[in-house]
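Have a look at the structure below, then the notes.
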Amino acid sequence: MTISRSEYCVIACAEAWRDNGEVLASPMGLIPSFGARLAKRTFSPDLLLTDGEAMLVGLDGTAEGWLPYRRHLTMVTGGKRHVMMGASQIDRFGNQNISCIGDWARPARQLLGVRGAPVNTLNNPVSYWVPKHSTRVFVERVDMVSGVGYDRAEAAGPSATRYHRLPRVVSDLGVFDFTGPGHSMRLASVHPGVTVDQVRDATGFELAVADEVPFTREPTAQELRLIREVIDPKGLRDREVRV
């Protein structure tokens with residue numbers, strides 16, 4: 001059975017929450033949300049899902065409990081939340097930009113703004129999802145730091161590093177972690193059909209790459225059925241990753 005690139009991306013996002021235990025999964029975006037729901041249905045049943053506002057929800061979206069803002073903040077500041085955010089730019093140490101492109105004094109493009117990125121990255125694990133991997137996104141140096149990377153957290157000291165952790169970056173080309181030299185980005189796997197050279201060519205900095213890079217794991221038959229029949233029967237995943 002042919003597995004689409006988008007389904008590999010769902011699996012790769014789901015793996016971000018493996019062994020997380022009872023934490024609040026906060027996926028931002030379509031593919032990450034499918035990944036979080038798949039993780040909870042399979043290997044991470046203790047995950048807590050929300051409606052994005054004030055309720056804890058079950059697998060079918062039914063409200064199971066109230067999540068007041070004060071409780072949410074307690075989870076955030078204690079590391080009991082794992083966010084998967086987007087990134088307009090991200091560099092080799094995981095600094096992320098969602099605020100502006102170009103010089104801060106006169107940006108060429110205004111984006112979302114910093115929003116909660118600094119608090120997220122310094123207080124709970126944060127992974128990233130990039131639906132279109134390119135040198136415009138994976139850059140040598142972000143134009144503005146919204147989410148804090150390893151180099152800046154370490155420079156700030158123990159108060160910044162206590163809960164700071166960037167487990168993974170998932171793109172439409174592969175999966176990345178920060179186990180390279182000095183917590184730099186490393187290519188952990190490529191999706192089937194993608195070569196290491198393709199990833200290098202689409203990245204604006206030098207990646208740490210092992211001599212042999214594995215393929216992203218395939219979904220099991222059960223996981224594939226859940227993706228196609230239960231989680232995303234309308235095939236919306238293929239609109240975000242068109243390969």
Side-chain angles (χ1 to χ4, degrees), residues 5 9 12-13 16 26-33 52 76 82-157 159-161 164-178 180-188 190-191 194 196-209 239-243:
R5 180 76 60 79
C9 291
C13 288
S26 295
M28 299 180 185
L30 191 68
I31 296 289
S33 70
V76 169
H82 185 169
V83 184
M84 182 168 279
M85 299 175 64
S88 300
Q89 291 179 327
I90 189 167
D91 67 22
R92 73 176 70 224
F93 295 109
N95 295 292
Q96 169 246 33
N97 176 23
I98 53 172
S99 185
C100 65
I101 301 298
D103 185 79
W104 168 254
R106 195 178 182 86
R109 181 173 298 176
Q110 178 67 51
L111 305 174
L112 287 173
V114 174
R115 302 178 71 86
V119 173
N120 288 341
T121 48
L122 293 183
N123 288 282
N124 53 243
V126 175
S127 294
Y128 291 106
W129 160 243
V130 178
K132 190 170 180 58
H133 192 126
S134 74
T135 54
R136 296 178 63 181
V137 180
F138 289 76
V139 297
E140 182 66 38
R141 184 182 178 87
V142 297
D143 292 338
M144 179 186 174
V145 176
S146 303
V148 180
Y150 277 102
D151 58 341
R152 289 176 177 268
E154 289 170 3
S159 63
T161 58
H164 180 270
R165 187 165 69 88
L166 308 178
R168 67 171 44 195
V169 178
V170 180
S171 80
D172 61 331
L173 298 184
V175 180
F176 310 82
D177 59 29
F178 292 92
H183 280 303
S184 62
M185 193 181 296
R186 180 189 72 105
L187 179 59
V190 291
H191 303 322
V194 177
V196 171
D197 285 341
Q198 282 179 291
V199 177
R200 281 184 167 134
D201 290 344
T203 303
F205 53 84
E206 187 176 349
L207 277 168
V209 179
R239 297 184 186 180
E240 189 161 24
V241 179
R242 299 176 180 273
V243 181

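It should be emphasised that the depicted structure is a prediction, and the values quoted were computed from it without experimental measurement.
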Side chains of His82 and Ser127 only: does a donor on one sit below 3.5 Å from an acceptor on the other? yes

Give the minimum heavy-atom separation between [X] and [Y], together with the two atoms involved.
| X | Y | value |
| --- | --- | --- |
| Met84 | Ala16 | CE-CB, 3.7 Å |
| Gln198 | Val194 | OE1-CA, 3.3 Å |
| Cys9 | Val241 | SG-CG2, 4.2 Å |
| Gly204 | Thr135 | N-CG2, 3.9 Å |
| Leu30 | Ser33 | O-OG, 2.6 Å |

Between [atom1] of [X] and [atom2] of [Y], what distance do you get to the nearest 0.5 Å?
| X | Y | atom1 | atom2 | answer |
| --- | --- | --- | --- | --- |
| Phe176 | Leu207 | CZ | CG | 6.0 Å |
| Ser88 | Leu111 | OG | CG | 4.5 Å |
| Ser26 | Asn120 | OG | CG | 8.0 Å |
| Glu206 | Arg92 | CD | CZ | 6.5 Å |
| Asp151 | Asp91 | CG | CG | 6.5 Å |

Side chains of Met144 and Val142 in contact at under 4.5 Å (non-hydrogen atoms):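 Met144 vs Val142: side chains apart.
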
Answer whether the closest heavy-atom distance between the side chains of Met28 and Val83 falls below 4.5 Å.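 Touching, per the 4.5 Å side-chain cut-off.
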
Side chain to side chain contact (heavy atoms under 4.5 Å, CB included) between Val126 and Met85, intermediate numbers included: CA-CA 7 Å; Val126 175; Met85 299 175 64; 4.0 Å; yes

Measure from the ring center of His133 to the ring center of Phe138 and say whether it is less than 6.0 Å. yes

Ring centres under 6.0 Å, that's the criterion: do Tyr150 and Phe93 meet it? no

Would you say Gln110's side chain and Ser99's backbone share a donor-acceptor pair under 3.5 angstrom?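 Answer holds: yes.
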
Output yes when a side-chain donor or acceptor of Asn95 lies under 3.5 Å from a complementary backbone atom of Val145, and no otherwise.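 Not a single qualifying donor-acceptor pair exists.
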
Report the C-alpha distance between Val209 and Arg186 in whole Å, list the side-chain angles of each, state the deciding distance to 0.1 Å, and finish with yes or no for side chain to side chain contact (heavy atoms under 4.5 Å, CB included). CA-CA 6 Å; Val209 179; Arg186 180 189 72 105; over 6 Å; no

Might you work through the side chain to side chain contact (heavy atoms under 4.5 Å, CB included) test for Val190 and Val199, ending with a clear yes or no? CA-CA 8 Å; Val190 291; Val199 177; 3.9 Å; yes

